[in-house]
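Index from 1, following the sequence.
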Amino acid sequence: MDALQIANSLPMWIACGLAVGLVVVQAAVFAKNAWSAGKKMGITEKQMKSAVKSSAITSIGPSIVILSGMLSLLISVGGPMAWMRLSLIGSVMFESIAAGIGTSSVGVQLGADALTPEALTMAVWAMILGSIGWVVFATFSADKMEKVQEKVAGGNPAKLMSIATAAIIGAFSAMSAQHITKLNKNSIACILGAVIMGALITLGEKKNIKWLKEWNLTISILAALVITVLI
């Protein structure tokens, strides 16, 4: 049996399906608890339904990007692993790099050389072990984050919001800079996405178009992707 037959075998689908099933159960439990907490806080059902709708729509654009990454990973390490890894972690860049590092350790270049069972094994272990740190850190630090927030922001919600916003802007700026400096189609897509997003936000604010505020991220990602491909 060759590597891709092993990667797409029934035992792999079952093993990966169990992990994905756990994520689905967690999502359902979190959603149920969040809904109950919202009612206790006095948030109306209309407001919560609006939040759910906005979140679902906003997730479409990033999900398409993840799907495109899943297709490339599917060819490399098979459907089950691609499905499981991007359902749990969601970082296309990390998974591709980790898989490549794993296969290169046994002399196989991912995407160029024929995948061997040994290289597949190394790719899987590299992807899994490389992300364990995130899980461990989140597990042991989650209950301490409230104390950290208190020390950093001093109990000031506005200050905490400013710090969180600055952190998000910094993270996305660092990610975008990697693409802009390449001066290739990645740069074009990144700049187009920013310009389109800015235009949609401005239009939505001026005209008070509520549905556009929900769809602007998806529209900007898809528009930048299509334009870049056509150029």
Using distance only, find each side-chain donor-acceptor pair of residues 219-227 under 3.5 Å and give its atom names and separation, not counting sequence neighbours.
{"from": "S220", "atom 1": "OG", "to": "N216", "atom 2": "O", "distance (Å)": "3.0"}
{"from": "S220", "atom 1": "OG", "to": "L217", "atom 2": "O", "distance (Å)": "2.8"}

Side chain to side chain donor-acceptor pair (under 3.5 Å) against N184, all qualifying residues, sequence neighbours excluded: none
Sequence neighbours excluded, every pair satisfying salt bridge (charged side-chain N to carboxylate O under 4.0 Å, His left out) that has a member inside residues 29-41: K39-E45
For S141, side-chain contact (heavy atoms from CB on, under 4.5 Å) partners two or more places apart: F137, M145
S50 side chain vs K46 backbone, donor-acceptor pair below 3.5 Å: no
Nearest-0.5 Å distance that lies between atom SG in C190 and atom CD1 in I180: 4.0 Å
Nearest-0.5 Å distance, OG1 of residue T181 to CG of residue N186: 9.5 Å
Under 3.5 Å: donor-acceptor pair, side chain of Q5, backbone of D2: yes
Atom pair CE/CE of M41 and M48 - distance to nearest 0.5 Å: 10.0 Å
Taking every non-hydrogen atom, the tightest pair across A123 and V77: CB-CG1, 4.1 Å
Shortest non-hydrogen separation from N8 to P80 and the atoms involved: OD1-CD, 3.5 Å
Minimum heavy-atom distance T202-G198, with the two atoms named: OG1-O, 2.9 Å
Separation of R85 CZ from E95 CD (nearest 0.5 Å): 4.0 Å
Co-members of the apolar cluster containing L10 [side chain, <4.5 Å]: I14
Spacing of S9 atom OG and L4 atom CG [to the nearest 0.5 Å]: 11.0 Å
Any residue meeting side-chain contact (heavy atoms from CB on, under 4.5 Å) with A199, in chain and number order, not counting sequence neighbours: none
Shared hydrophobic cluster for M122 and I128 (ILVMFWY, side-chain gaps under 4.5 Å): no
Using residues 98-105 as the side-chain source, report each donor-acceptor pair under 3.5 Å to any protein atom, sequence neighbours left out, with the distance given to one decimal.
{"from": "T103", "atom 1": "OG1", "to": "A99", "atom 2": "O", "distance (Å)": "3.3"}
{"from": "T103", "atom 1": "OG1", "to": "G100", "atom 2": "O", "distance (Å)": "3.1"}
{"from": "T103", "atom 1": "OG1", "to": "V108", "atom 2": "O", "distance (Å)": "3.0"}
{"from": "S104", "atom 1": "OG", "to": "G100", "atom 2": "O", "distance (Å)": "3.1"}
{"from": "S104", "atom 1": "OG", "to": "I101", "atom 2": "O", "distance (Å)": "2.8"}
{"from": "S105", "atom 1": "OG", "to": "G102", "atom 2": "O", "distance (Å)": "2.5"}

K49 atom NZ, neighbour heavy-atom count above 12 within 6.0 Å: no
Summary of ring-ring contact (aromatic ring centres under 6.0 Å, His included) pairs that have at least one residue in residues 5-28, sequence neighbours excluded: W13-W83
Which side-chain N or O atoms in residues 160-177 pair as donor and acceptor under 3.5 Å with protein atoms at least two apart or in another chain?
{"from": "S162", "atom 1": "OG", "to": "A158", "atom 2": "O", "distance (Å)": "3.0"}
{"from": "T165", "atom 1": "OG1", "to": "M161", "atom 2": "O", "distance (Å)": "2.7"}
{"from": "S173", "atom 1": "OG", "to": "I169", "atom 2": "O", "distance (Å)": "2.6"}
{"from": "S176", "atom 1": "OG", "to": "F172", "atom 2": "O", "distance (Å)": "2.8"}

Neighbour count above 12 (heavy atom, 6.0 Å) for W125 CH2: no
side-chain contact (heavy atoms from CB on, under 4.5 Å) against K207, all qualifying residues, sequence neighbours excluded: L203, I209
For E118, side chain to side chain donor-acceptor pair (under 3.5 Å) partners two or more places apart: none
Pairing residues for I132 by the side-chain contact (heavy atoms from CB on, under 4.5 Å) criterion, not counting sequence neighbours: L129, V136
Atom pair CE (M12) and SG (C16), whose distance is rounded to the nearest 0.5 Å: 4.5 Å
Nearest heavy atoms of M84 and V20, plus distance in Å: CA-CG2, 3.8 Å
